[in-house]
Number of protein chains: 2
Amino acid sequence: MNAITIKDVAKAAGVSSATASRVLSGHPATSPASRAKVEAAAKELGFVPNAQARSLRSTKTDTIALLISDVRNPYFSDLAHAVEQQAHAEGIMTFIGNANEDSAQQDDFLAAMLSRRVDGLIMVPQGLGEDAERPSGMLQRLIASGTPVVFVDRSLAGVQVPSITASSTEALNEAIATLKHLGHEKIAFIGGPDHASTARERHRAFDAALEANGLDIDESLHFAGDFKAGSGARGARWLLDHPAAPTAVVIADAPMAIGALTVWREAGVAIGQELSVITFDEVDAMLMHDPPISTISHDLSGMGRAAVAALTAVMAGQSPEPEEFISHFTQRESLSRARTGAAKMEGTPTHES
Amino acid sequence: MNAITIKDVAKAAGVSSATASRVLSGHPATSPASRAKVEAAAKELGFVPNAQARSLRSTKTDTIALLISDVRNPYFSDLAHAVEQQAHAEGIMTFIGNANEDSAQQDDFLAAMLSRRVDGLIMVPQGLGEDAERPSGMLQRLIASGTPVVFVDRSLAGVQVPSITASSTEALNEAIATLKHLGHEKIAFIGGPDHASTARERHRAFDAALEANGLDIDESLHFAGDFKAGSGARGARWLLDHPAAPTAVVIADAPMAIGALTVWREAGVAIGQELSVITFDEVDAMLMHDPPISTISHDLSGMGRAAVAALTAVMAGQSPEPEEFISHFTQRESLSRARTGAAKMEGTPTHES
DNA sequence: TTGTATGCGTTATCAT
DNA sequence: ATGATAACGCATACAA
């Protein structure tokens, strides 16, 4: 075990532990002479300061925690990467935790973080199962404890925490306008789970975009998924069986889109011809698909940077304004003109399940 | 800030801090009476033990760190998920760190971990840039310090650390045999960066499989990528321009495959007809592709579990044997009979770049 | 069973 | 500029 303490270094350097500490932690009041001796000794012995003891005394850890809801979702791993890179640039360590879309695991991580006295926390918040907007007791305590917290991607209605979120309104308006222009009127929506504020926001923005474009809102064209591939596959089958035979679909995240596109491939649906597809999250796989899928993308690295900036502001005692990023719509060949003409009135059965 | 210490709890409960400590850390020698009082007081005050101080005293943190080389690679995020779930089941917290395929960032994380006295570390090791197999000084110190370490996925030749790795030999033998059976003789390989032991292992196993199946080893059919999508795209273009016009290709990971398949789609290459494709890593996107791509997959959750098991063994003072997982080949419609006949002797130009 | 006292490794305070 | 010493929050050896 590593038993080399600052005392060992001090002894080897022939100075007091106080002087050694000052040298090693960059305190100005040190003579070049002792600085040289201490540094040499520390290097010689391979001294590594004990962060536990250090932060026990100085109540600073230079560490933040990042809690995401699903490591395996590329959306969040991109976000994690962005946060981690920005924090790294500012000399801050990031611990990444995975809530696994489970509020119990979220609480475990929060407890561990609180107990480990990280300087701050960036998290994708999660309400309790049924009561989507109510923060868990653990989360309440975390906030009450005064630990700097920033929400990213999602927010919790009643909770006063600076949040970095994304608005899909503009992008969806553009997307729906494009679809309408191509003659689509029956547009399905495969959405996320209600407990995620992003899922609700996307759903709301979708309805608003329909309305803004003079299309009817038809809740029977909405499928409630859970942001994971399996539910996307279920949504795809649901769409194929749908009596209204929608000609276009918007999918609320990439894993669901991949699940859905797999089902449609198996069913022989010609994407872009028979069915126009738009998905949230611009992942590489969407460009690999033939035809490439139109996407609504977020500025993940911007959001990551903003989250770190907001957190450092909170740590400095300020109250940063919530920030909202605008999503971006990119049209690709997965869209084409809807089949039109009189036949539509009969309800052309185009898809077989 | 959270200033509630065990003393506050003790005072509120009307006992000494020692008794409070015993109750809160589950020590047997406590009376039901004081247990009740202390627990009530702790809950009342919202007491959260300071892990820093606790582990400063007890030198145990119930925390391990997991260092992966790229959070955004689904292979590693799946692995992270597996490790994290297994550790969670054993009551151990996992901190995930991202080396970003950069040995300097790896060192930063190692230093932070060492200094923070985690109980153990599971890592995907990375040699220094040029000298792939030489561990960095930081890594050497980490190991020398006695901190329990386990390598997963990759290993470092000279370094004596228990490693959980995967063997592609069997899967590649099967894959190459299948290709040969379909008439393929010019099989290209888009490999990973030499600094990753997995990249070297896959390359070796590929060559061995060719040999075992009586095919020539032709190094000009090997393209050196870096496990990222961009290099896969470059590899795809390289293949299209290759004078030997290979009829099949094996790609060493999913991101490169996605990059490559995107280029081939743009170039109008009929996958499965003109070019047979096999890739490492069975990610959902490969099943979405039309036709679905044949894969060589690893038992990531098995490897994750094994890594945690090996680490707990090391922490218990044992020396677990290295473990090697067998990869699995799954044939899908991305393979078909090679174009045969006399025309081949002319070097049929099938691809245009 | 409980309380008192000490130490974990470091930094901050106060002298010098 | 440096050294002696207290203090951070907790767990434990020892005494009661």
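Naming convention: chains lettered A, B, ... in sequence-line order (proteins, then strands); numbering from 1 in each chain. Atoms considered below: every heavy atom in the structure, side chains included; atoms not considered: hydrogens, waters and symmetry mates.
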Review point. Quick one: on DNA chain C, does A:Gln52 or B:Ser17 contact a more 5' nucleotide (nearest heavy atom)?
Key: B:Ser17

Looking at [X], I'd like to know whether one of its side-chain N or O atoms comes within less than 4.0 Å of OP1 or OP2 on [N].
X	N	result
B:Arg54	D:dG9	no
B:Thr19	C:dT2	no
B:Ser16	C:dG3	yes
B:Thr30	C:dT2	no
A:Ser31	D:dA1	no

Atom-pair distance ([atom1] on [X]; [atom2] on [N]), nearest Å:
X	N	atom1	atom2	answer
B:Asp8	D:dG9	CG	C1'	11 Å
A:Ile6	D:dC8	CD1	P	19 Å
A:Asp62	C:dT10	CG	C1'	15 Å
A:Asn50	D:dC8	CG	C1'	13 Å
B:Ile4	D:dC10	CD1	C1'	15 Å
B:Lys11	D:dC10	NZ	C1'	16 Å
B:Arg35	C:dT1	CZ	P	9 Å
B:His27	D:dT12	NE2	P	8 Å

Indicate whether any N or O donor in one side chain lies under 3.5 Å from an N or O acceptor in the other, for [X] and [Y].
X	Y	result
B:Ser77	A:Arg72	no
B:Ser55	A:Gln52	yes
B:His81	A:Asn100	yes
A:Arg116	B:Thr63	yes

Review point. Counting any heavy atom closer than 4.0 Å, what does B:Leu56 reach on the DNA or RNA strands: base, sugar-phosphate only, or nothing?
Key: base

Review point. How would you label the contact of A:Ser34 with the nucleic acid (heavy atoms, under 4.0 Å): base, sugar-phosphate, or nothing?
Key: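 Sugar-phosphate contact only.
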
Measure from the side-chain heavy atoms of [X] and tell me the nearest of [options].
X	options	result
A:Ala18	C:dT10, C:dG3, C:dA12	C:dA12
A:Arg57	D:dC10, D:dC8, D:dA13	D:dC8
A:Ala29	C:dG9, D:dC10, D:dT2	D:dT2

Check your understanding: Is a donor-acceptor pair below 3.5 Å formed from side chain A:Arg117 to base D:dG9, judging by atom type as modelled?
Key ->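 Answer no: no donor N or O sits under 3.5 Å from an acceptor.
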
Point to revise | Sidechain-backbone polar pair: A:Ser31 side chain, A:Ser34 backbone, donor-acceptor under 3.5 Å | key: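 Judged by distance alone, yes, a pair lies under 3.5 Å.
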
